[in-house]
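Take a look at the structure set out below.
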Amino acid sequence: MTRALITGITGQDGLYLAELLLSKGYEVYGLVRGQNNPKVALVESTVPDVKILTGDLTDLSSLMRAMASSRPDEVYNLGAISFVAYSWENAHLTTEVTAKGVLNMLEAVRLYSGDDPAKVRFYQASSSEMFGRVQEVPQRETTLLWPRSPYGVAKVYGHYMTINYRESYGMHASSGILFNHESPRRGPEFVTRKVTQAVSRIALGTQDVITLGNLDARRDWGFAGDYVDAMWRMLQQDEADDYVVATGETHSIRELLDVAFAHVGIEDWSDKVVQDPRFFRPAEVDLLIGDPAKAKEALGWTPKVGFEELVRMMVDNDLAEQRKLSS
Ligand code: GDP
């Protein structure tokens with residue numbers, strides 16, 4: 001039986017990836033942080049077959065213990081402080097977890113692997129936020145990185161450290177540069193889920209307006225369930241490599257609002273949206289659009305869920321959740 005260790009198991013991607021690996025017959029271990037972590041119950045109810053281990057990306061010895069007890073064939077490093085807006089308030093903590101946490105995990109894998117450097121296959125969750133002030137359109141694996149937030153800078157460190165461990169030690173370490181990916185499991189601080197939750201409350205009459213920041217930013221939004229399949233495919237290749245995972249389409253926050261409101265029968269949302277400087281960022285990433293050609297060709301990966309279907313799926317989920325709450 002193939003064994004996998006997932007850091008960040010309590011997040012959106014951790015849950016989808018655990019479901020995928022369990023469906024393939026893997027034994028799955030998930031790393032959770034902290035004492036009495038409230039999100040453990042979510043993992044236990046969603047993917048009860050996952051074996052939970054305690055550890056912290058900032059604590060190398062806890063990662064070495066997790067490696068020794070799970071003895072994984074594959075490690076998926078999804079754990080991070082991942083909310084861009086928060087990273088200006090917590091730049092040091094973001095660096096400790098999102099940047100140096102990658103180094104700790106790579107070290108734990110290297111030390112566990114002994115004299116067989118490719119014994120464990122390693123996946124690093126890199127991010128389109130690394131492209132920041134984009135130097136090329138669309139963005140591909142070779143595009144110059146220009147991060148625009150402490151989070152983006154931390155992800156650049158993790159990306160290059162993964163490449164460096166591959167080149168220095170011959171580790172089977174791959175980096176997936178995933179563009180924004182969303183789902184009904186997305187945290188409500190991210191703009192997609194914030195919008196779909198608010199639109200469902202507005203449709204049900206329990207909220208009047210939604211308060212947002214910059215409506216003109218553009219993102220390449222895909223479905224998280226599709227993206228975890230790309231992660232798995234990367235680790236099945238003979239050679240480790242880096243891949244952009246994206247849809248190749250870009251949409252603005254305004255278009256997100258158009259699709260979400262139209263789905264509940266509201267065509268003109270101008271009196272339902274308020275802009276507030278609190279939600280603008282010190283430096284913005286204006287445009288992201290990825291070129292997934294390499295992932296398509298080398299991994300045989302294609303996204304299945306398009307932008308409009310994704311937004312409607314999230315609104316439908318939030319309508320059902322809000323109805324349950326008010327009944
Ligand atoms: P990110 O791409 O990882 O930062 O994902 P987010 O979903 O947090 O933000 C996507 C874009 O939406 C960014 O350009 C934000 O500036 C923009 N945005 C506009 N209003 C909001 C808001 O109220 N919350 C968030 N999270 N983003 C907003």
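Atoms within each ligand, like the ligands themselves, are counted from 1 in listed order. It should be emphasised that the depicted structure is a prediction, and the values quoted were computed from it without experimental measurement. Position 1 is the first residue of the sequence; numbering continues from there.
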(message) Checking a contact table here: which protein heavy atom is nearest atom 7 (O) of ligand 1, and how many Å away?
(response) Val191 N, 2.8 Å
(message) Would you say that Asp242 contacts Arg166 through its side chain, given a criterion of any heavy-atom pair below 4.5 Å between the two side chains?
(response) yes
(request) Scan Tyr16, Trp221, Phe179, Trp301 and name whichever one has a ring-ring contact (aromatic ring centres under 6.0 Å, His included) with Tyr227. (result) Trp301
(request) Taking Glu255 for its side chain and Ser252 for its backbone only, find out whether a donor-acceptor pair lies under 3.5 Å. (result) yes
(message) To check your reading of the model: name the closest protein heavy atom to atom 20 (N) of ligand 1, its residue, and the distance in Å.
(response) Gly213 N, 2.8 Å
(message) Please list, in number order, the atoms of ligand 1 under 4.0 Å from a heavy atom of Asn180.
(response) 1 (P), 2 (O), 3 (O), 5 (O)
(message) Out of all atoms in ligand 1, which are within 4.0 Å of some heavy atom of Glu284? Include the element for each.
(response) 13 (C), 14 (O), 15 (C), 16 (O)
(message) Suppose I only count heavy atoms of Val84 and a 4.0 Å limit; which atoms of ligand 1 are within that range?
(response) 3 (O), 4 (O)
(message) Is the distance from the ring center of Tyr29 to that of Tyr76 below 6.0 Å?
(response) no
(message) Between Asp220 and His251, is there a side-chain donor-acceptor contact under 3.5 Å, judged purely by atom types and distance?
(response) no
(request) Ignoring hydrogens and angles, state whether a donor on the side chain of Gln124 or Thr162 is under 3.5 Å from an acceptor on the partner side chain. (result) no
(message) Against Asp318, only a single residue in Arg323, Arg193, Lys324 fulfils salt bridge (Lys or Arg N to Asp or Glu O under 4.0 Å); can you say which?
(response) Arg193
(request) Please state which part of Leu215 comes within less than 4.0 Å of ligand 1, counting heavy atoms only: side chain, backbone, both or neither. (result) neither
(message) With a heavy-atom distance limit of 4.0 Å, tell me whether Arg219 approaches ligand 1 through its side chain, its backbone, both, or neither.
(response) side chain
(request) Classify the side-chain pair Gln12/Arg185 by whether it contains a donor and acceptor separated by less than 3.5 Å. (result) no
(request) Identify, by atom number and element, the atoms of ligand 1 in contact range of Ala217, meaning under 4.0 Å from any of its heavy atoms. (result) 14 (O)
(request) Measure from the ring center of Phe83 to the ring center of Phe190 and say whether it is less than 6.0 Å. (result) yes
(message) So if I count the atoms of ligand 1 from 1 in the order they appear, which ones are less than 4.0 Å from some heavy atom of Phe83?
(response) 8 (O), 26 (N)
(request) Answer side chain, backbone, both or neither: which part of Phe280 comes under 4.0 Å from ligand 1, heavy atoms only. (result) neither
(request) Could you tell me whether the side chain of Val315 reaches within less than 4.5 Å of the side chain of Leu319, counting heavy atoms only? (result) yes
(request) Any atoms of ligand 1 less than 4.0 Å from a non-hydrogen atom of Phe279? List them with their elements. (result) 23 (O)
(message) Which residue and atom name correspond to the protein heavy atom nearest atom 26 (N) of ligand 1, and how close is it?
(response) Glu189 O, 2.9 Å
(message) Return the closest protein heavy atom for atom 11 (C) of ligand 1 as residue, atom name and distance.
(response) Ile253 CD1, 3.8 Å
(message) So for ligand 1, is Arg186 a polar contact partner (N or O within less than 3.5 Å, distance only)?
(response) no
(request) Would you mind running through ligand 1 and noting each atom that sits below 4.0 Å from a heavy atom of Asn214? (result) 17 (C), 18 (N), 19 (C), 20 (N)
(request) Measure from atom 23 (O) of ligand 1 to every heavy atom in Glu129, Arg281, Lys194, Arg218 and give the option owning the shortest one. (result) Lys194
